[in-house]
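Worth saying up front: this structure is predicted, and the values here are computed from it rather than measured.
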Amino acid sequence: MTSNWSARQVDGDVLGRAVQDGAGVVDQDVDAALFGDDGIARNGGPHGYRAARAQHATNWRARRRKRAAHAGVPHSTGNGDVRTAREFSRQFVAMMIEGGMAPMTARVFAALFLSEGGSLTATELAQQLQVSPATISNAVKWLEQRQMVAREREARRVRYFVDVDVWYHTWTASARSIAIWADTTRRGVGIFGADTPTGDRLRTTTQFFELLGHDMGQAAEHWRQALSMQRRR
């Protein structure tokens, strides 16, 4: 059956069960480059991360205030009835796991990303996914390190949120990591010598990371400009 489900109904009931069910979609927990500990985690140091997270929170709050006037307007899921929304959520979780994200972390991210406002409190996440607050905290910590999720405190509650800029922040953090890899391998060339087999491998690796980092930086800037123009319309 199909009906005009509001997004609030879907993320409160359907997506909660769907994300919970999604934990069993993929059993593997790989450590792929995009999400690995040696990748996005190295994002310019703790001070750079806190500044980026604070700016992220400021931007999100500004957009949330703009959306507040439309909060009572129901949003349709399009073609989705309960079964369709549940299946999409499973696929979303499976996609993140396939990319290297741990199953529980993928469930937490999906719950946030697919929620109507792009934000949930720690208690809401624990209740929706039927796990302990400590489990939520561990998953969110991983996501925060990679700038995929930010937080703000509301009285005694902690609210986590994600918005449309999540991929830009994640991509730029990954680009900074690539720059660190290039710097490291470049130093290795000087240590082992460019005329040695080891030095030659390091030199080729440096060239690869330099080119990749340059292209990633250009892509991120292109997207930032495109999104800025889109928001001004």
Side-chain angles (χ1 to χ4, degrees), residues 1-29 35 53 56-57 59-61 63-65 67-68 70-78 80-167 169-170:
M1 66 175 183
T2 59
S3 60
N4 292 327
W5 287 81
S6 72
R8 189 179 303 280
Q9 286 172 309
V10 171
D11 69 49
D13 299 321
V14 179
L15 293 182
R17 293 193 299 272
V19 171
Q20 180 182 345
D21 294 342
V25 173
V26 180
D27 293 330
Q28 66 203 39
D29 179 14
F35 297 113
R53 186 174 65 182
H56 190 188
N59 294 340
W60 180 86
R61 283 193 294 270
R63 282 193 289 276
R64 184 177 63 173
R65 285 193 292 269
R67 291 195 300 262
H70 305 284
V73 179
H75 300 279
S76 172
T77 58
D81 57 9
V82 174
R83 185 177 302 174
T84 303
R86 183 179 299 173
E87 180 59 28
F88 175 79
S89 183
R90 289 196 187 103
Q91 293 172 358
F92 194 90
V93 171
M95 175 190 70
M96 303 305 290
I97 296 174
E98 186 69 21
M101 190 178 289
M104 178 52 63
T105 306
R107 291 172 61 198
V108 170
F109 182 78
L112 286 167
F113 195 84
L114 299 179
S115 65
E116 181 179 7
S119 71
L120 294 167
T121 66
T123 300
E124 288 170 340
L125 279 168
Q127 292 174 345
Q128 181 169 309
L129 300 180
Q130 297 183 13
V131 296
S132 69
T135 299
I136 297 297
S137 179
N138 289 335
V140 168
K141 181 180 179 181
W142 190 95
L143 292 167
E144 284 185 307
Q145 288 175 339
R146 290 147 182 87
Q147 299 186 31
M148 299 182 72
V149 167
R151 72 170 71 194
E152 66 176 2
R153 183 165 293 279
E154 297 180 345
R156 297 183 179 180
R157 301 187 308 176
V158 175
R159 178 173 292 277
Y160 302 110
F161 59 89
V162 60
D163 66 10
V164 293
D165 288 336
V166 59
W167 307 118
H169 291 298
T170 303

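Closest heavy-atom contact between T170 and R146: OG1-O, 3.7 Å. Nearest heavy atoms, A110 versus V93: CB-CG2, 3.7 Å. In terms of heavy atoms, M148 sits closest to V166 at O-CG2, 3.3 Å. Considering every non-hydrogen atom in both L129 and A111, the closest pair reads CD2-CB, 4.4 Å. Scanning both residues, I97 and P103, for their nearest heavy atoms gives CD1-CA, 3.7 Å.
Panel note: side chain S137, backbone P133; no donor-acceptor pair is recorded below 3.5 Å. Side-chain atoms of S89 never come within 3.5 Å of backbone atoms of R86 as a donor-acceptor pair (strictly under, hydrogens ignored).
Atom CE in M101 sits 3.5 Å away from atom CE in M96 (nearest 0.5 Å). With rounding to the nearest 0.5 Å, the separation of CD1 in I136 from NZ in K141 is 15.5 Å. Atom OH of Y160 sits about 8.0 Å away from atom CG of L125, to the nearest 0.5 Å. The CZ atom of R151 sits 14.5 Å away from the CZ atom of R157 when rounded to the nearest 0.5 Å. To the nearest 0.5 Å, atoms CD (Q127) and CG (L120) are separated by 10.5 Å. For the atom pair CD of E154 and OG of S119, the computed distance is 7.5 Å after rounding to the nearest 0.5 Å.
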One pair to check against side chain to side chain contact (heavy atoms under 4.5 Å, CB included): M104 and T135. What are the steps and the verdict? CA-CA 8 Å; M104 178 52 63; T135 299; 3.5 Å; yes
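Residues V149 and W142 form no side-chain contact, since every pair of their non-hydrogen atoms from C-beta on lies 4.5 Å or further apart.
Screening residues 93-112 for ring-ring contact (aromatic ring centres under 6.0 Å, His included), with sequence neighbours left out, gives F109-F113, F109-W167.
For the residue pair R159/T121, the side-chain donor-acceptor check at 3.5 Å is not satisfied.
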